[in-house]
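Each remark here refers to the structure printed beneath this line.
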Amino acid sequence: MSLQPIWPLWLTAIFAVALGALCVWQLLRPGTNRTGWARRLGIVALMTIIGLGPSIEDRVPDALLTNAEVYFVVDRTGSMAAQDYGDDGDTRLAGVRDDIDQLTRIIPAAQYSILAFDSQASRQLPLTSDARAVRSWAATMRQEVSNYSAGSAIDRPLEMLDEVLNRAEERNPENVRLVFLFSDGENTRGSASDPEDIESYAPLDPLVDGGAIFGYGTPEGGQMLRYTGVGEPEEGDWIIDSRTQEPAISKLDESQLRQVAEDLGLPYQHRFDSSSLQELIDDIDIDDASSDGRRDAIVYRGVYWIGAFLLAALLAWEGWDLLRQVPSRRGTGRGEHDPLAGTGSPAESSSRSPDVPTGTPDVEVPR
C-alpha cells in the first residue's frame, strides 16, 4: 500500500485540520446535535483519506499500454487549411483530426500530450491518460487566425518539444516516448527571413523511442480560406497571395518532412486519405525501445473507491437530515395570524356608504 495524493498535500492538510477541528469543537459543546457533528467528522475523515490516494503498487509488463508517452505535434498554420486532402478536397487539418482520433484508439491507455504551432508554439494539453480529451481537442481544432499569420516553419516547435521531452525523461526515465508530427512541411517564415535556414531535429533523437512524421497535401497544392477567429471560414473568402493578388496556393514540401524524419530516426508517411495506421504502429518495436529495462512499468491502482462508497452514504444521510429540518409551509387562515385581520380589506372599506364617512366627527344637521 502506498499513497498517491490526488490533491496537493498542503491543501489536504489545511482542509483536514480546519474542518476536523470545527467538527470536534461542535461535538464537545453542550446541547449540540452530536450525531450530526459525528457524521460530519466522518465525512471530513473520508475526504481526507480519498485525497491522500491510497493505492496498491503493481508492475505491468506491457509498455505500449502502460508507460508510453505519446506526443502529438500539430501544424496549425494557414497552409494546413489548404483544400487538397482526400478525394473530396477536404482541408489538411481534417486529415490530422482523423489521424489523431485513430492513433488514440490504436494506442489505448497511454499518456497523451499535444503541442501545436502556428505563428508560435504552445502546449495545448499536458500529459493525460484521457484519450477523450485528446479527441475533443482534435475535433475543435482550427487553423490560426489569418491576420496574425507569421508564415510557416517546420522547426518552430523544436525548442518547446526539446524542453518537454527532456523534462519527461527526467521525471519518468522508465517511460517510452513516441512523437507524431503532423504538417505539410511548407516553410515561408514571412518575406523577411530565409526559408532554407531550418534547425535540425537531430539533437532530440536520443529522447524519442518511436513515432512517425505525417505529411498532408499534394505537390499541386490547394487554396485556403481565410479564418477570422469567429465562426467558420466563409466560402470564397480565400487567402490572397500579396505578389499576384490571386488566391494563394500551398504545396506539400516532402523534402522538409523527410529531413525531420531522418533527424529523429522515424518513418515518414504521406497521408492523402484516412487509411488505417495500424500497420505503421505495429512496426514500432516497443521491445527494442525498452530493451534497457523499461519494459515493465509500475502502475498504482487506487483503492479509495471503498471510502467513496462510505462517503456517498454519509452525504446522503446528511442531505436527508437537512431536508427534515426545513419547516413545511402551511397555509394560514386570515384572522389567526394575519396582522391585518379585523381591520377590513380595502374592498370592504370602499363598499361603505358615502353618506356616513368614517373617521370624521359627528355633525349636527339643523332641522
Side-chain angles (χ1 to χ4, degrees), residues 4-6 53 55 57-75 96-97 99-117 121-138 141 156-183 201-214 260-261 263-269 277-278 280-302:
Q4 301 295 316
I6 299 175
S55 306
E57 184 178 299
D58 193 9
R59 184 175 291 272
V60 180
D62 193 343
L64 186 59
L65 297 179
T66 57
N67 71 334
E69 297 178 2
V70 180
Y71 295 89
F72 298 125
V73 184
V74 183
D75 184 350
V96 175
R97 294 189 191 101
D99 289 344
I100 290 179
D101 181 278
Q102 190 178 162
L103 286 170
T104 57
R105 299 179 191 280
I106 296 176
I107 315 175
Q111 296 185 75
Y112 313 94
S113 180
I114 298 175
L115 282 72
F117 65 99
S122 61
R123 192 170 191 184
Q124 297 289 306
L125 193 68
L127 278 173
T128 176
S129 58
D130 188 356
R132 290 174 299 179
V134 178
R135 291 192 283 267
S136 295
W137 181 91
M141 170 183 54
R156 192 161 285 156
L158 178 58
E159 182 178 352
M160 174 165 286
L161 182 60
D162 182 18
E163 179 182 349
V164 168
L165 291 177
N166 273 289
R167 286 185 178 177
E169 201 278 335
E170 292 174 2
R171 184 176 59 251
N172 295 304
E174 73 281 357
N175 286 0
V176 174
R177 282 164 286 280
L178 310 178
V179 174
F180 296 92
L181 187 144
F182 310 82
S183 178
Y201 277 77
L204 301 188
D205 181 42
L207 301 172
V208 178
D209 298 305
I213 307 299
F214 296 128
V260 174
D263 290 344
L264 293 176
L266 301 177
Y268 166 74
Q269 186 174 112
L277 293 168
Q278 184 66 59
L280 176 71
I281 301 304
D282 290 341
D283 289 339
I284 298 177
D285 194 342
I286 299 298
D287 288 320
D288 181 66
S290 56
S291 60
D292 54 359
R294 295 181 292 166
R295 181 66 179 178
D296 293 343
I298 296 176
V299 178
Y300 295 96
R301 306 187 185 280

Value rounded to 0.5 Å, distance of CD1 in Ile213 from CZ in Phe180: 9.5 Å
CA sep, side-chain torsions, deciding dist, call: Ser122, Gln124, side-chain hydrogen bond (donor to acceptor under 3.5 Å, both in side chains): CA-CA 6 Å; Ser122 61; Gln124 297 289 306; 2.7 Å; yes
The single option from Asp162, Leu161, Val164 passing side-chain contact (heavy atoms from CB on, under 4.5 Å) against Leu207: Asp162
Asp101/Arg97 ion pair, N-O < 4.0 Å: no
Minimal non-hydrogen separation, Gly211 against Pro267, with atom names: O-CD, 3.4 Å
Contact summary for Asp205 and Leu264, nearest pair of heavy atoms: OD1-O, 3.0 Å
Shortest non-hydrogen contact from Ala131 toward Thr104: CB-CB, 4.2 Å
Gap between atom CZ of Arg171 and atom CG of Leu127 - 0.5 Å precision: 6.0 Å
Pairwise side-chain contact, Ile106 with Leu280, heavy-atom cut-off 4.5 Å (strictly under): no
CG on Leu165 to CG on Leu115, rounded to 0.5 Å: 8.0 Å
Whether Asp209 side chain and Leu178 backbone form a donor-acceptor pair below 3.5 Å: no
Spacing of CD belonging to Glu169 relative to CD belonging to Glu69, to within rounding of 0.5 Å: 10.0 Å
Intermediate values then yes/no, side chain to side chain contact (heavy atoms under 4.5 Å, CB included), Asn172 and Asn67: CA-CA 9 Å; Asn172 295 304; Asn67 71 334; over 6 Å; no
Pro157 to Ala121 - nearest heavy-atom pair and separation: CA-CB, 3.9 Å
From Phe117 atom CZ to Asp75 atom CG, the distance as rounded to the nearest 0.5 Å: 3.5 Å
Flag, side chain of Ser129 to backbone of Gln111, donor-acceptor distance under 3.5 Å: no
Side-chain touch Trp137/Leu125, heavy atoms, less than 4.5 angstrom: no
Non-hydrogen atoms of Ala110 and Ala68 that approach each other most closely: CB-O, 3.4 Å
Heavy-atom donor-acceptor pair, Asp130 side chain to Arg132 backbone, under 3.5 Å: yes
Side chain to side chain, Tyr201 and Val179, heavy atoms closer than 4.5 Å: no
Geometric class of the Tyr112/Phe72 ring pair [parallel <30°, tilted 30-60°, perpendicular >60°]: parallel
From CG (Asp283) to CD (Gln278), nearest 0.5 Å: 10.0 Å
Side-chain heavy-atom pair Val96, Val74 within 4.5 angstrom cut-off: yes
Closest approach of Ala212 to Leu266 (non-hydrogen atoms, all atoms of both residues): N-CD1, 3.9 Å
Test item: Gln102 side-chain N/O and Leu277 main-chain N/O as donor-acceptor pair under 3.5 Å: yes
